[in-house]
Amino acid sequence: MRWLLVKDLQILRRSPLLVGLLVLYAVLIAVLLGYALGADPGKPRVAFVNLVPSDENEFSIGGESLDVSKYSEELFKSIDPVRVDTREEAVAKVRSGEVLGALVLPADATERLQSSINLTGGEPPEIEVYYNAENPLKLQRVQATIEAQLGNANQALSRRLTGIAAQYLDIIVTGGDFKLFGQTLTVLGLEKSDTILRAQIATLPKEDPARAALGQVARFAALAAENLNISEPILKSIGEPVRVKETVVDGEPSGLAPYLVAVAVTLSLMFVALLLAAGALALEREEHAFTRLVRGLVPRWLLVAEKTLLGALLAFAVGLATLVGLAAFEGLDFGRMALWVVALAAGAVAFGAMGVAVGSVTREIRAASLLAFILCLPVAALALVPDGAVPSSVYDAIQVVNALFPFKATLQALDAAINDAGPGIGRALLHLAALAIGFGALARVALRRFA
Amino acid sequence: MAPAPAATARSARLRAEGLTKRYGERWAVRDVSFAADAGELLAIIGPNGAGKTTLLQILAGSLPPTAGTVSPDPREVGWVPQQAAIYSKLSVEENLRLFARLEKVGDVEGTVARMLEQTGLADRAHDEVGQLSGGNRQRVNIAVGVLSAPSVLLLDEPSASLDPRQRAVMWDFIDELAAAGTIVVYTTHDVAEADRHADRLLVIADGELLFDGTAASLRAEPGAGAGVELETAFVGFLSERGH
């Protein structure tokens with residue numbers, strides 16, 4: 001095996017363009033795809049028009065003034081606002097594609113809001129949203145972003161309003177000052193009313209008929225004070241009727257960036273090992289050396305093992321370099337390097353064996369490379385489909401396919417090695433070992449059958 | 001008429017018995033038996049698709065027969081396939097060294113030097129095989145086949161890509177090997193070449209061995225024609241038997 005390996009490495013050394021393309025392509029695809037999956041797409045550009053007259057930006061509730069424009073700032077947290085002056089300008093930008101959508105705060109927004117608060121009737125304020133539906137994916141993204149941020153803005157406003165309402169109720173219960181139309185008014189409060197009434201009742205003769213009537217008023221004041229005390233939490237629950245409590249039930253979650261490092265490295269392992277092992281075996285047949293080798297010089301199983309090792313060695317080297325580079329960039333824990341090496345080696349060998357199986361059914365390098373490439377992309381894509389993104393029956397079928405190829409198991413092994421992510425590295429390593437043996441056996445049978 | 005064996009099984013060092021190769025309903029080689037002594041030159045001739053290369057591949061051990069036996073073991077047999085089975089990206093020297101190591105010859109460097117000398121490629125030792133002409137590639141191909149000094153040497157169309165001068169050099173080399181005791185079995189489309197460079201002819205058609213004997217014996221066969229060119233006799237012989 002040693003001399004065959006030396007021979008293959010000599011041939012690779014004399015094909016620098018081929019090797020360079022293979023390694024560069026694998027690393028490039030890995031990094032591009034890996035980061036495309038997780039890269040922050042950036043804030044969508046959305047045109048914004050505030051048609052509310054500048055002197056009408058504020059509305060009042062219970063004597064307190066709130067600025068509507070302050071709540072529009074909530075929207076800008078998730079969008080890149082492009083301020084324009086008119087509705088027509090905003091719509092034109094959406095049509096031209098310069099922005100993904102447009103938000104228009106109509107002129108009567110604060111007026112309608114004030115009417116709602118004053119309970120004088122009329123429609124609630126309405127923010128206009130314009131979208132360009134030419135690209136359904138973009139539309140979906142913009143809609144989701146704007147709806148989420150409008151919801152947040154609504155919630156912020158609702159919290160503020162309920163807070164103010166709770167303050168008024170507090171004043172009614174305990175007494176205090178509040179402003180109305182520029183005047184400061186003092187409210188006695190139900191608790192103090194109850195105290196004053198009871199004090200007065202105590203001074204009345206027992207036969208005095210006013211005692212009973214005042215007693216009723218005092219009991220009402222006490223009852224009202226007691227029940228309105230719990231109004232604040234009730235108002236808060238109106239503003240946020242349902243809360244969410246998140247619990248992770250399975251596995252240790254890994255950060256997105258470290259997970260994407262595992263994806264990128266798995267991709268580079270796959271491309272290099274698969275293409276190289278498949279091509280190297282096909283080369284033996286293309287050079288007509290295969291029959292010379294297997295007629296007594298080299299057993300077929302040894303040829304399978306040597307090509308697997310060749311693909312695995314180079315893939316391991318490229319994978320390790322990619323991982324170390326990305327790890328330094330992402331600040332990963334280099335103390336886990338021993339596990340990285342184990343996961344990389346297992347994945348590289350499994351992919352190498354798969355490559356040899358591919359090469360064993362083809363007679364020339366071009367066919368082997370094409371077949372290897374055709375397998376790479378769907379195998380990787382299927383392994384990255386998350387549970388819940390497709391119907392469960394489809395996901396089950398995908399899992400079966402994933403189990404037959406090394407991509408997902410390698411990704412799990414690397415994720416566990418890099419991020420200590422569940423369900424742990426052991427099972428993935430066993431899976432990879434089984435795949436390596438399986439593909440090796442397949443290659444051995446195919447070499448006998450298709451020789 | 002069944003061909004008469006030209007060598008007794010007792011003294012033969014190459015022996016093929018009942019060799020058969022079948023692909024489904026098609027018989028590539030059907031019940032072929034022959035033997036050869038040390039130093040004999042055998043030429044296998046026949047029309048296209050007769051099974052010549054298949055027979056050679058079975059003798060070389062690169063194709064398992066459906067039935068029949070071959071001796072000696074393929075590891076003792078040197079093989080020169082029709083298409084040069086060498087690595088284009090390696091130099092002449094590197095190819096010879098690789099196969100010498102795989103053949104486990106005792107003195108690798110000495111063997112490589114000797115092969116370079118014998119094939120006349122010493123001055124091209126460091127050239128990549130892919131840069132050589134077809135004739136020179138075939139010389140390297142032959143050199144790899146004889147590296148291990150085998151007792152039996154099988155060659156498939158050895159002169160096909162050689163010019164006349166190279167062909168002459170090759171046959172001198174092969175004649176020397178035969179004189180030293182190597183059994184040489186080769187296939188050829190060139191019947192005249194077989195006439196010049198063979199002790200015996202094996203005529204194969206449709207997988208069957210139709211004749212095993214000398215060129216003179218072939219000419220004496222019914223349908224062949226005595227006193228004519230061997231090629232004419234060969235064609236007449238085949239026609240007589242419906243091939």
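Residue numbers start from 1 in every chain, and the chains themselves are labelled A, B, ... in the order their sequence lines are given, proteins ahead of strands.
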Using a plain distance cut of 3.5 Å, could you tabulate donor-acceptor pairs between chain A and chain B?
from    : atom 1 : to      : atom 2 : distance (Å)
K7(A)   : NZ     : Y87(B)  : OH     : 3.3
Q10(A)  : NE2    : E94(B)  : OE2    : 3.4
R14(A)  : O      : K89(B)  : NZ     : 3.4
R14(A)  : NH1    : K89(B)  : O      : 2.9
R14(A)  : NH1    : E94(B)  : OE1    : 2.5
R14(A)  : NH2    : E94(B)  : OE1    : 3.0
R14(A)  : NH2    : E94(B)  : OE2    : 2.5
E284(A) : OE1    : Y87(B)  : OH     : 2.3
E284(A) : OE2    : Y87(B)  : OH     : 3.4
E287(A) : OE1    : S88(B)  : OG     : 2.8
E287(A) : OE2    : S88(B)  : N      : 2.8
E287(A) : OE2    : S88(B)  : OG     : 3.3
H288(A) : ND1    : Q83(B)  : OE1    : 3.4
R292(A) : NH1    : A85(B)  : O      : 3.1
R292(A) : NH1    : N141(B) : OD1    : 2.9
R292(A) : NH2    : W79(B)  : O      : 2.7
R292(A) : NH2    : N141(B) : O      : 3.1
R295(A) : NH1    : A60(B)  : O      : 2.8
R295(A) : NH1    : P74(B)  : O      : 3.0
R295(A) : NH1    : V77(B)  : O      : 3.3
R295(A) : NH2    : V77(B)  : O      : 2.5

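Side chains of F290(A) and L447(A) form a contact here, defined as non-hydrogen atoms less than 4.5 Å apart.
For the atom pair L382(A) CG and L404(A) CG, the distance stands at 11.0 Å (nearest 0.5 Å).
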Practice problem: For side chain to side chain contact (heavy atoms under 4.5 Å, CB included), just list the numbers for L377(A) and F271(A), CA-CA rounded to whole Å, side-chain angles, deciding distance to a tenth of an Å, and then say yes or no. | Solution: CA-CA 9 Å; L377(A) 294 177; F271(A) 274 114; 4.0 Å; yes

Quiz item: Taking it one step at a time, do F316(A) and V341(A) satisfy side chain to side chain contact (heavy atoms under 4.5 Å, CB included)?
Solution: CA-CA 8 Å; F316(A) 177 84; V341(A) 167; 3.9 Å; yes

Quiz item: What do the steps show when you test L371(A) against V361(A) for side chain to side chain contact (heavy atoms under 4.5 Å, CB included), and what is the final call?
Solution: CA-CA 10 Å; L371(A) 186 57; V361(A) 298; 3.9 Å; yes

Quiz item: Would L209(B) and L55(B) satisfy side chain to side chain contact (heavy atoms under 4.5 Å, CB included), going step by step from the backbone distance to the final call?
Solution: CA-CA 10 Å; L209(B) 182 63; L55(B) 176 60; over 6 Å; no

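Partners of P299(A) under the side-chain contact (heavy atoms from CB on, under 4.5 Å) rule, at least two apart in sequence or in another chain, are W301(A), L302(A).
Top candidate by heavy-atom pairs under 4.5 Å with chain A, chosen from G145(B), P74(B), P64(B), is P74(B).
If you measure heavy-atom distances from I86(B) to chain A, the contacts under 4.5 Å come from both the backbone and the side chain.
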